[in-house]
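All ligand and atom numbering here is 1-based and tracks the order in the structure.
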Amino acid sequence: MAVDLATAPASVASVTTATHLASEDLFDVAVRQFNIAADVIGLEDDIRRVLSHCQRELTVHFPVEMDDGSVQVFTGYRVQHNSGPGPTKGGIRYHQNVTLSEVRALAMWMTWKCAVMNLPFGGAKGGVQVNPKLLSRNEVQNLTRRYTTEIMPIIGPNVDIPAPDVNTNPQVMAWLMDTYSMNVGHSVPGVTTGKPIALGGSEGRTEATGRGVVFAISDAAARLGMDLEETTSVVQGFGNVGSVAARLIAEHGSKVIAVSDVKGGVYNPAGLDLDALVQHRIRTGSVVGFAGGETVDGPSTLELECDILIPAALEGQLTAENAPRIQARIIAEGANGPTTPEADEIFSERGILVLPDIFANAGGVTVSYFEWVQALQAFPWTEQQVNERLREVMHRAFLAITEIAETKQVPMRTAALVRAIERVAEFTRLRGIYP
Ligand code: GLU
């Protein structure tokens with residue numbers, strides 16, 4: 001098995017096909033964001049060099065027996081950006097466009113996300129190049145079990161702890177946990193988070209990312225003197241994060257006027273009936289065609305007049321091209337990396353408040369941390385305890401980031417990165433460079 005311990009910069013990452021080029025820059029984007037904050041801190045060059053590389057990268061090519069008896073070979077990755085603060089932590093995504101550069105970027109963002117929230121984890125991410133919607137349940141299970149086995153040398157409850165991400169869910173985590181456990185010969189619930197509750201998953205974990213997004217928005221709205229009851233919201237992505245965020249922001253009184261998914265969007269200026277929309281999505285697989293609204297194209301929903309925009313799909317959605325037309329006052333990043341650095345600049349000039357991914361969507365990994373603690377102690381918490389503690393951790397992070405943003409006069413993304421990088425840099429200095 002090839003464990004690549006080299007710390008090669010993103011520019012030498014291998015690009016195998018043209019279809020990978022689009023997201024090949026993502027790690028460069030992450031490094032650019034890092035450098036902006038490192039400049040604000042005046043971070044020393046040695047630490048800057050260390051933190052702008054990923055510590056460990058594993059690429060695996062593995063066979064899976066399909067239902068028709070044929071054998072397909074899939075490519076997957078697990079990247080650990082930095083293990084200074086503790087075991088590394090981060091989700092696994094199944095998507096046809098996954099690249100090493102993307103997984104590196106997502107791993108780096110996990111380091112910052114955990115540090116912003118003060119969690120005792122470094123950052124990691126995994127991905128498999130596959131469209132799981134084209135696979136049967138049995139094939140997804142086989143793929144998950146073999147991928148888990150391939151990355152086993154570098155995961156573990158004290159080493160690197162996976163979780164759900166795009167197109168993975170509690171069932172996938174149950175197979176991962178079972179595969180790891182069967183290989184070591186005993187049950188290890190702490191090897192993953194986002195498990196089904198019956199297997200030691202945490203109450204509130206499924207909703208945690210969306211719930212955290214809404215906690216972030218309500219703190220920001222209060223700061224701006226906005227009454228959520230008088231606001232409108234638009235949500236891009238209606239998966240685990242977007243659908244929960246839409247429901248909870250509506251519970252806070254905001255009118256959700258548009259929602260989109262990969263197939264398109266639905267718009268109703270009077271507000272969408274979200275329960276009915278969820279039922280429609282379960283029935284048809286998409287929000288498109290929902291009778292309680294007008295079907296519109298997905299990207300245009302981002303540009304609708306609204307107060308709160310929640311991009312909760314994939315990276316690279318808000319760019320220099322569409323940023324001048326965005327009309328929201330608050331953008332809360334439910335997804336990782338939805339805003340390019342160029343768009344960030346435009347939003348900053350236009351006075352649009354961006355609640356950055358490494359803070360806004362950190363509710364997921366925060367409750368993952370709670371789940372890991374519960375698994376290690378074999379002592380489950382109630383949903384109320386989970387939600388209250390999540391609220392507290394999000395609020396503390398919000399206050400800390402806002403203070404940095406105000407004193408240093410920088411946008412919230414840079415402020416969050418400053419908080420995170422200072423923390424990880426301190427670990428690096430205190431631990432020293434081995435040997
Ligand atoms: N995939 C989620 C994220 O991007 C959760 C990671 C975790 O819980 O470890 O934050």
Side-chain angles (χ1 to χ4, degrees), residues 26 30 77-83 85-95 98 102-128 151 155-170 172-173 176-177 189-196 200-213 215-216 237 239-242 244-245 311-315 332-338 355-375 386 390 393-394 397 416 420:
L26 206 64
Y77 309 98
R78 184 74 187 171
V79 174
Q80 296 163 357
H81 169 255
N82 189 288
S83 64
T88 48
K89 185 86 193 78
I92 289 172
R93 65 173 54 180
Y94 290 170
H95 196 277
V98 160
E102 177 190 29
V103 178
R104 281 175 169 158
L106 292 161
M108 180 188 255
W109 287 330
M110 285 309 301
T111 300
W112 310 143
K113 199 183 293 187
C114 293
V116 166
M117 305 310 281
N118 228 346
L119 309 178
F121 294 134
K125 202 77 171 199
V128 177
I151 65 168
I155 62 169
N158 297 312
V159 185
D160 180 10
I161 306 131
D165 196 76
V166 173
N167 291 337
T168 55
N169 58 25
V172 170
M173 294 305 118
L176 187 152
M177 179 268 195
V191 68
T192 174
T193 59
K195 297 179 294 294
S202 179
E203 295 286 350
R205 173 62 186 88
T206 309
E207 301 80 23
T209 311
R211 188 177 296 279
V213 169
F215 283 152
N240 175 253
V241 181
V244 173
L314 288 172
E315 52 265 12
E333 296 184 331
N336 291 312
L355 298 171
D357 45 10
I358 58 169
F359 161 64
N361 73 37
V365 72
T366 302
V367 176
S368 275
Y369 166 60
F370 297 162
E371 179 173 332
W372 181 72
V373 168
Q374 293 170 74
V386 168
L390 172 62
V393 177
M394 292 288 306

Quiz item: Counting distance only, does the side-chain N/O of K89 pair as donor-acceptor with the main-chain N or O of D160 below 3.5 Å?
Solution: no
Exercise. Report the nearest protein non-hydrogen atom to atom 9 (O) of ligand 1: residue, atom name, distance rounded to 0.1 Å.
Key: K89 NZ, 2.8 Å
Quiz item: With a 4.0 Å cut-off, would you call D357 and K113 a salt bridge?
Solution: no
Quiz prompt | Distance from atom 3 (C) of ligand 1 to nearest protein heavy atom, with residue and atom | solution = K113 NZ, 3.3 Å
Quiz item: Of all the heavy atoms in R93, does at least one lie under 4.0 Å from an atom in ligand 1?
Solution: no
Practice problem: State whether the side chain of W372 and the backbone N or O of V367 hold a donor-acceptor pair below 3.5 Å, judged by distance alone. | Solution: no
Self-check item: Ligand-residue contact atoms, ligand 1 with M110, heavy atoms, under 4.0 Å
Solution: 3 (C), 4 (O), 6 (C), 10 (O)
Practice problem: Would you mind checking which non-hydrogen protein atom is closest to atom 7 (C) of ligand 1, with the distance to 0.1 Å? | Solution: A163 CB, 3.3 Å
Quiz item: Nearest protein heavy-atom contact for atom 8 (O) of ligand 1: which residue, which atom, what distance?
Solution: S368 OG, 2.5 Å
Quiz item: Would a 4.5 Å heavy-atom cut-off, applied to side chains only, mark P338 and E315 as touching?
Solution: no
Practice problem: May I ask you to identify, for M173, whether its side chain, its backbone, both or neither come under 4.0 Å of ligand 1 on a heavy-atom basis? | Solution: neither
Quiz item: Quick one: nearest non-hydrogen protein atom to atom 1 (N) of ligand 1, plus distance?
Solution: D165 OD1, 2.7 Å
Quiz prompt | Short side-chain donor-acceptor distance under 3.5 Å, N336 and N361 | solution = yes
Quiz item: Closer than 4.0 angstrom: is that true for some heavy atom of P164 and an atom of ligand 1?
Solution: yes
Self-check item: Heteroatom distance test (R205, ligand 1): nitrogen or oxygen, under 3.5 angstrom
Solution: yes
Quiz prompt | Within reach of ligand 1, part of N336 (heavy-atom separation under 4.0 Å) | solution = side chain
Quiz item: Will you find, in the side chains of S368 and R205, an N or O donor that is under 3.5 Å from an N or O acceptor?
Solution: yes
Quiz item: Can you list the residues that meet the side-chain contact (heavy atoms from CB on, under 4.5 Å) rule with P162, with sequence neighbours excluded?
Solution: R78, I92, I155, L176
Quiz item: Between CZ of F121 and OG1 of T88, what distance do you get to the nearest 0.5 Å?
Solution: 9.5 Å
Quiz item: Quick check, are the ring centers of W109 and H81 under 6.0 angstrom apart?
Solution: no
Self-check item: Subset of ligand 1 atoms that lie under 4.0 Å from at least one heavy atom of K125
Solution: 1 (N), 3 (C), 4 (O)
Quiz item: Can you list the ligand 1 atoms lying under 4.0 Å from a non-hydrogen atom of G91?
Solution: 1 (N), 6 (C)
Exercise. Heavy-atom contacts with G90 under 4.0 Å: which atoms of ligand 1 show up? List them by number with element.
Key: 9 (O)
